[in-house]
Structure formats: C-alpha cells, structure tokens
Amino acid sequence: MPMDRTTGELLGAATRHSRSRCVALCLVGVAGTGAGLLLPAALGRALDLLLAHAPATRWVLYCAALVLLLTLLDACETVLAGTLDARTTAFLRRRITGHVLAVGPRATARFGAGDLVARVVGNAAQAGTAPGARAALLAALAGPAGAVVALALIDPWLAVVLLTGAPALTVLLRTLARDTSACVAHYQRAQGRIAAALAQAIGGARTIRAAGTADRDTARILRPLPELSRAGLRMWRVQGRAAAQAVAVAPLLQLGVVAVAGLLLTRHRLSPGDVLAASRYAVLATGVGMLVGQLSGLVRSRTAATRLGEIRTEPAPAHGDRRLPPDGPGRLELRGVTARRGDRAVLDGVDLVVPGGTTLALVGRSGAGKSLLAALAGRLADPDAGQVLLDGVPLPALSRAELRAAIAQAFDRPALLGTTIEDTIALGPAAFRPSPARVREAARTARADDFVRRLPDGYATPCAHAPHSGGEAQRLGLARAFAHGGRLLVLDDAPSSLDTVTEHQITEAVLGGPAPGTRLLVAHRATTAARADTVAWLDGGRVRAVGTHRELWRIAEYRAVFGARV
C-alpha cells in the first residue's frame, strides 16, 4: 500500500528507534520459518527409515528438537513483538504530542481536540504495530517461498503444480490490501468524529445539563455510529471474502501437489517420506490464511500511521537564533500584518506601533480580531503576510528561549498545568524558572495569595485537589505571567471573570506599577481602556484609530463598542 512521504518518514523514524528489536524479531521469525521448513523433511526421512526397519532414533530426535525449537522461537517472537509494539507506540505518541504542542493552537483549529486525542491515543497504538507487522509479514512470506523451493528440490513438477495458482493468490492479496485500506480509513475517520463530538460535549457538560439536552447531545455524539458499524462490517466482509477465496484455492493446489506426488510415488520417483514432506510443504506454500491476517494487520497499522502523518503535515513554527538588544525597551511593531482564518481575513494590512514601556489597549466589537492580534504579538500564531517585530527583531528570527523569556502572556481561560499551585505559577522553561519568593510576589500582585494560603497545603497543594472558581483560575494565570515578567506582557481578556474591585486592583498593579516593559491588553471595559496610555480601535480587521481613550470617546461609534448610548 503506497504511503505519502510524511507518513513514510514517520514510520521510518519509528523503525530506526527500535532497530535492534526489529532485526531481532525478523531473525527470530525467519529462524522459526526455517525450522518449520526443516521439520517436514526430517519427518519424511524418519518415516522412510521406519518403513525400511532401519534405525531412525536420530531422526526422531531431530524432529523432537525442531518441535522444541519452534516452541521456543514462537515464545521469543511473542515477547519481542509485544515489546516492539509498546516501544514504537510510545515513540509515536511522544513524537506526535511534541509536534502538536509545537504547532500550538493551529493543530486544534484544524483537527479538533477530540480527534487529536483519538489519533494520539488510538491511532498511535495501531500504527505502533507497523514495524512488528512488517517483520512478521517478511517471515510469513519466507514460509511459502521456502516451501516452493523445497518442493522443487523434492521434484520440480511439484513446484510447477503449486505455482499454477500463484497468480490467483497474488491478485487475492492485492485486492485484500486495497479494500482493507479503504475500509480501515473510513472506520478510523468515523472514530475521530465521535471522539471530537465527545470532547466538545465534555467541555460543555454544564451547559448541556442546564439545558436538559443530554439525550439530544448523546444522539449527536453517536450519530456516526451507524457509519462506524457499516465500515467495520465491510472490513470483516473483505477479510472474510479473502479467507473464503483462499480456502477455495489453497486446498485445490494442495490436492494437486499430493496427487502428483502420489503419481510419482507409484513410478518409484518418490518415497513415502517424500510424499509426506511434499504434503506438508504444500500446506506451508498455500498458507494464505496466515498471509491474510498479517497483511490485514499491516494495512491497519499503516492506515493509522497515515492519520498521524496528517498531523505532521501541519508545520511547526520555525525559530531563529537571534537575540534581542539587551537594552531594548520592548517596542512592539506590526507591519502590514494580514491574518486569515479560513477564507476570511480577520486582520487585513494592520500597521501598529506600541512604544516601549507603554500600555496599549485593544478595543473593538466581537470578531474584530483583538485576540488574534494579541496571539500574533505573543507569537502564538504567525501572520499570513507582514511582520511582527519586538525591539526591531522579527519574532520568527528569535530563538525559542529568547522569545519565551521576553514575552509573558495571560488568557481568559488559563490552563492550570503543573504538579502544585507553585508549579503552575512558575510554569515555563527551566532556565527561567522564577524563585519561590518571586512566585509569591506575583501571586500577591494578582490577588491570588490570600486564597492560595487558605488551601490545605498552601502553594504545595496539588492543582488537581485545589478547588478554584473561574476568577481564581484567572488570578493564577495572571500570577504566572507576572512571575515570568519579560519586556512584553500580553493580557488577552485575562481578568474577564474577576469582580470589578479585584479587576481594578490588578489593573492598578499592572498599569500603575513601576515595573518596566510594554503591556498589550485586550480591553472590554471602558475603565480599563481609560487607564491605558493609548487605545487601538479595531474595526473590520483594520486599525480604525489610535489615540487616548479620552480622544476616541468623542466618536459615537467608539462609545457604542462599550455599549454606551450614541
């Protein structure tokens, strides 16, 4: 089955990661096949000696040793295949998870959180069997090939009879690979849609419960289930049809070989032992049932790997090696920035300058592009056209460490990652991890210190065991941004869940404090915009005006953004 380049590279890297185990599994499989090919010859020789009343003890012992060896090799193959599958699956999950996190929000926007989880968990486990399935298929192919050679050594006519069915068996296996690939791809896509709908429902569980639509949403989540069932049934029908065709062809070939061997026996060209060996080799040579199973497993694993490869086609942002000027004030500049979401230009040719050490508030109606501009400023996204510069250096030219040390960000729905509350506030590159004293100072600035100290273990409380409201979570997110500092602070609606008093206190600390650096705020309240040095008013994907809040307040449409009477 052909693979695209990205999928091939991914499976190639996974195979190289467990190269020694792959080689060992292949060698053990081939050794088992070789032992299996020697056994019929040894049985035939032992039978001839017994019929001739000659000593046959040595050959009987050879047969027993081969049976024992086959048992040991089968056990080794089982252990090697299991460890190889687990090791490869772990490698693929690490590689894909790292890529998803490197790509950032674009990965979730393209595939959806639920589908990504389904791919990283389920498809990675299926794709992880690919190296083992490939090695097992090689050993499975070596069996029929060796059996044909063995038949040719017994008598060439036996191999000729068997090879008359080779074209039919080849067509059968090719058809199986093609049809199985289509069925498996359809099945896995349906699984991904169910996972995506389930993740969405889990995220909105409170809304569903409040609306009383649990039954309706259950039906929505399981809507692809009939399609999943049809794809699964079709997959089994394909394999069942292939097995049935194999059952129809293989016995005829085996009977043909035995019949010719019997004829040769009557002409004294073969011995009874040769006939026994030929019958066993005919079974091995027509072992299409094993090939069907091995080939189906390989097709499923490679189809799953294709879904992982689709994630890899979403490129991760590249980083340069430049550094910011050491005495830079944090001047942010957008030059002709255009950013699209789908076919729509959310930002269209935006030019904007935020002088170092000042505060700029982004104001606009919903959908005006405020959050996207904030994401561009923090390089959570890259523009489709134009440049974003910090102290004269384009953000893509900065190293990853330099970029993340220079820009701190807080969001309206922060993810509280880390083992403890202190870990989640200090979350960031190890080289720039803030001290415990700085963590507590940042928590006090974000008005989070009081409720953290009331927790059973204070800052050592595990995040999973720390009850917190939306406002408390936002305060922890703000504390994280304050703890890391940097020359640019980006707050994307970060205090939206706070009460008015707390928001005013935090705004005073951020905007009125002596801390250096540039601040970019997404503002929804007039009081927040009024505290900023300047306001950028976004409208229709463009900067409609830049000025102080007092200056812009004279414009009726600007006042309407805040719901003020025109």
Side-chain angles (χ1 to χ4, degrees), residues 102 104-105 316-339 347 349-363 369-411 427-434 438 442 445 478 480-492 494 509-523 531-538 542-543 546-548:
H319 293 273
D321 55 4
R322 292 184 60 181
R323 298 181 63 85
L324 292 168
D327 55 350
R331 183 177 187 267
L332 178 67
E333 184 177 359
L334 283 76
R335 297 178 183 173
V337 166
T338 296
L347 297 174
V350 171
D351 293 302
L352 185 65
V353 176
V354 187
T358 66
T359 300
L360 175 76
L362 296 174
V363 169
K370 303 183 297 298
S371 291
L372 181 54
L373 195 152
L376 295 173
R379 218 204 163 192
L380 298 181
D382 287 327
D384 295 290
Q387 281 188 313
V388 183
L389 302 95
L390 183 62
D391 285 330
V393 181
L395 295 187
L398 294 172
S399 67
R400 188 192 302 272
E402 184 79 359
L403 177 70
R404 294 307 162 208
I407 303 175
Q409 303 176 74
F411 314 99
L427 185 70
F432 304 102
R433 184 178 177 87
R438 185 171 177 83
T445 303
L478 286 163
R480 178 191 300 153
F482 298 158
H484 287 279
R487 61 183 73 192
L488 175 63
L489 175 64
V490 180
L491 303 182
D492 183 6
V510 173
L511 305 184
T518 306
R519 293 163 287 270
L520 182 68
L521 316 176
V522 174
R531 291 286 297 149
D533 296 316
T534 54
V535 174
W537 175 18
L538 297 180
R542 296 178 178 272
V543 177
V546 177
T548 65

Exercise. Would R379 and L403 satisfy side-chain contact (heavy atoms from CB on, under 4.5 Å), going step by step from the backbone distance to the final call?
Worked result: CA-CA 8 Å; R379 218 204 163 192; L403 177 70; 3.9 Å; yes
Shortest non-hydrogen contact from [X] to [Y]?
X	Y	result
L390	A406	CD2-CB, 4.1 Å
R322	P394	NH1-CD, 4.0 Å
A377	V490	CB-CG2, 4.4 Å
P383	V388	CG-CG2, 4.4 Å
D351	G336	OD1-N, 2.6 Å
A339	L372	CB-CD2, 3.6 Å

For this session: Quickly, which of L489, L521, T534 forms a side-chain contact (heavy atoms from CB on, under 4.5 Å) with T359? Name it, please.
Result: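 The residue from L489, L521, T534 that satisfies side-chain contact (heavy atoms from CB on, under 4.5 Å) with T359 turns out to be L521.
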Is [Y] close to [X] at the side-chain level, that is, under 4.5 Å between some pair of heavy atoms?
X	Y	answer
L376	L347	yes
P329	T358	no
L332	V353	no
V543	L334	no

State the [atom1]-[atom2] distance between [X] and [Y], to the nearest 0.5 angstrom.
X	Y	atom1	atom2	value
L398	L324	CG	CG	4.5 Å
Q409	L488	CD	CG	8.0 Å
L352	L520	CG	CG	8.0 Å
R519	D533	CZ	CG	7.0 Å

State whether the side chain of [X] and the backbone N or O of [Y] hold a donor-acceptor pair below 3.5 Å, judged by distance alone.
X	Y	result
R438	A483	yes
T518	G357	yes
H484	L427	yes
D321	S399	no

For this session: Would you tell me whether T338 and D384 have side-chain atoms, one donor and one acceptor, within less than 3.5 Å of each other?
Result: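 The criterion, which ignores hydrogens and geometry beyond distance, is not satisfied for D384 and T338.
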For this session: Please check if atom CZ in R323 has more than 12 non-hydrogen atoms from other residues, nucleotides or ligands closer than 6.0 Å.
Result: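 Check fails, neighbour count at 12 or below.
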